Amino acid sequence: MNRDAFLLTDIHTLVTMSGSRTAPAPLLRDAAVLVRGNAIAWVGAAHELAIEGLNVRLPSGEVIALPSSAHLLRLRDHIVLPGLVNTHHHLFQTLTRCLAQDSGLFRWLKTLYPIWLGLTSEAIYVSALVGMAELMLSGCTTASDHLYIYPNDCSIDDEIRAAREIGLRFHATRGSMSLGESQGGLPPDKAVEREDHILHDSQRAIEQYHDASRHAMIRIALAPCSPFSVTPDLMRESARLARHYGVMLHTHLAETRDEEAFCLSRFGLRPLDYAEQVEWLGNDVWYAHGVHFSREDVHRMGACGCGVAHCPSSNMRLASGIAPVRLMLSAGVKVGLGVDGSASNDGNHLLLEARQALLLQRVTDASFALYGSEAAESTAISAYEALWLATRGGAEVLGRDDIGQIAPGFSADLIAINLNRVEYAGALHDPLAALVFCAPRGVDFSMINGRIVIQDGQLVTIDLQPIIERHNRISARLVRGE
Ligand SMILES: [Zn+2]
């Protein structure tokens with residue numbers, strides 16, 4: 001682990017996200033951030049520091065010696081934010097983009113399951129690197145992934161290895177499917193695993209990888225895939241196993257009307273009632289999507305502290321619907337953003353997802369045009385709220401109090417974007433809004449856990465081009481069905 005000190009100074013605009021969602025902390029101009037080891041040590045105005053050569057004197061009088069000039073970063077023209085947090089993804093789907101282009105969820109899955117049966121350990125590893133690279137280039141510093149299909153020699157270890165190599169903070173969720181077509185489920189029988197094996201491997205993953213400590217780089221959660229691909233028994237047993245170890249629980253819920261119809265016909269319950277019956281309500285649970293919750297469902301989730309990964313691009317791509325984000329936030333539901341698997345997005349761009357969240361909530365907002373976003377009945381979210389969901393919201397959803405803001409004691413996960421570019425010309429009077437209202441590009445700089453991972457817009461932890469070529473070869477083989 002890199003234990004050096006870094007000073008980021010002359011920052012044009014610093015967004016600390018240290019206020020609340022409804023009361024933002026003021027933006028800091030001409031700011032500085034001192035990083036020591038893997039955490040943020042000091043935040044303030046650049047003029048409060050005295051810099052002589054490589055020595056930085058803090059207002060307290062303490063002097064920090066930077067190891068080299070490469071550790072003194074002058075970020076004029078840059079806006080700096082906490083790294084973005086992705087709360088739902090299926091990285092392997094990066095191999096199978098742009099398929100089933102005109103299908104809703106169930107037909108889309110039926111088209112893709114047979115293709116995914118060709119996945120291998122190498123495919124999981126390489127696609128994870130590619131998906132993580134695109135996420136990181138778009139500002140993501142912490143990502144959760146939901147790997148729920150394990151044909152051939154695939155294992156969750158493959159994507160954890162990728163995360164370690166590329167330097168991404170990673171929550172691997174050990175997904176699962178156990179209800180094949182012959183038992184009334186959606187996936188083909190060949191795509192499901194035996195439940196005793198799933199539980200055994202889930203326990204192994206927790207014991208081998210889960211790190212509950214502050215600034216942890218790897219955590220594990222358990223994630224039976226969806227009501228139509230696992231049994232109630234596996235839901236219950238997974239919940240009990242997760243709670244025994246104190247790890248979180250994740251699943252798809254209330255994504256589409258098809259799923260609701262499945263729950264009603266098979267269990268006689270709507271999705272959230274089913275979740276409750278199988279012990280899946282609680283502040284250690286987050287659901288992907290949450291599009292089709294009733295008002296009463298949302299209040300029940302808020303009361304028990306459930307989280308939701310809002311995935312606007314995927315919900316539009318598969319015509320799933322529009323999640324009631326404003327209602328969930330008012331009811332106290334934790335809400336973060338997810339790009340979802342990049343076969344249903346079809347990108348891994350998290351800053352773009354914040355823009356999509358902002359835009360999508362306005363589509364059905366009848367009061368917005370009349371009263372603006374201040375109207376009590378408006379469902380619109382602001383640019384600040386969209387970025388709050390992408391940072392603090394995501395941190396809350398993943399159960400973390402050490403990421404999502406730039407403040408002393410928090411993990412050193414920071415991104416910087418150069419505002420002096422064509423996309424932002426004309427928007428510099430409001431740099432924060434520019435990030436979501438204007439066309440999003442990649443980040444110029446990113447640090448994760450005190451380690452620089454992107455510099456001058458380039459990923460510096462792996463050699464990406466050969467990985468992309470390898471990825472495209474695997475993708476071609478899968479799509480051809482070989
Ligand atoms: Zn998903």
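Whatever order the structure lists them in is the order used to number ligands and atoms, beginning at 1. The structure presented is a predicted model; accordingly, all values stated were derived computationally and were not measured.
- Taking backbone and side chain together, C311 holds no N, O or S atom under 2.8 Å from the Zn ion (ligand 1).
- With the Zn ion (ligand 1) as the vertex, atom NE2 of H252 and atom NE2 of H90 span an angle of 100° (nearest 10 degrees).
- The aromatic rings of H252 and H289 sit parallel, their planes meeting at an angle under 30°, below the 60° perpendicular limit.
- Using cut-offs of 30° and 60° for the angle between ring planes, the H90 and H146 rings count as tilted.
- A donor-acceptor contact closer than 3.5 angstrom links the side chains of S342 and T94.
- E165 and Y125 share a donor-acceptor pair across their side chains, judged by distance under 3.5 Å alone.
- Closest to the Zn ion (ligand 1) among the N, O or S atoms of D340 is OD1.
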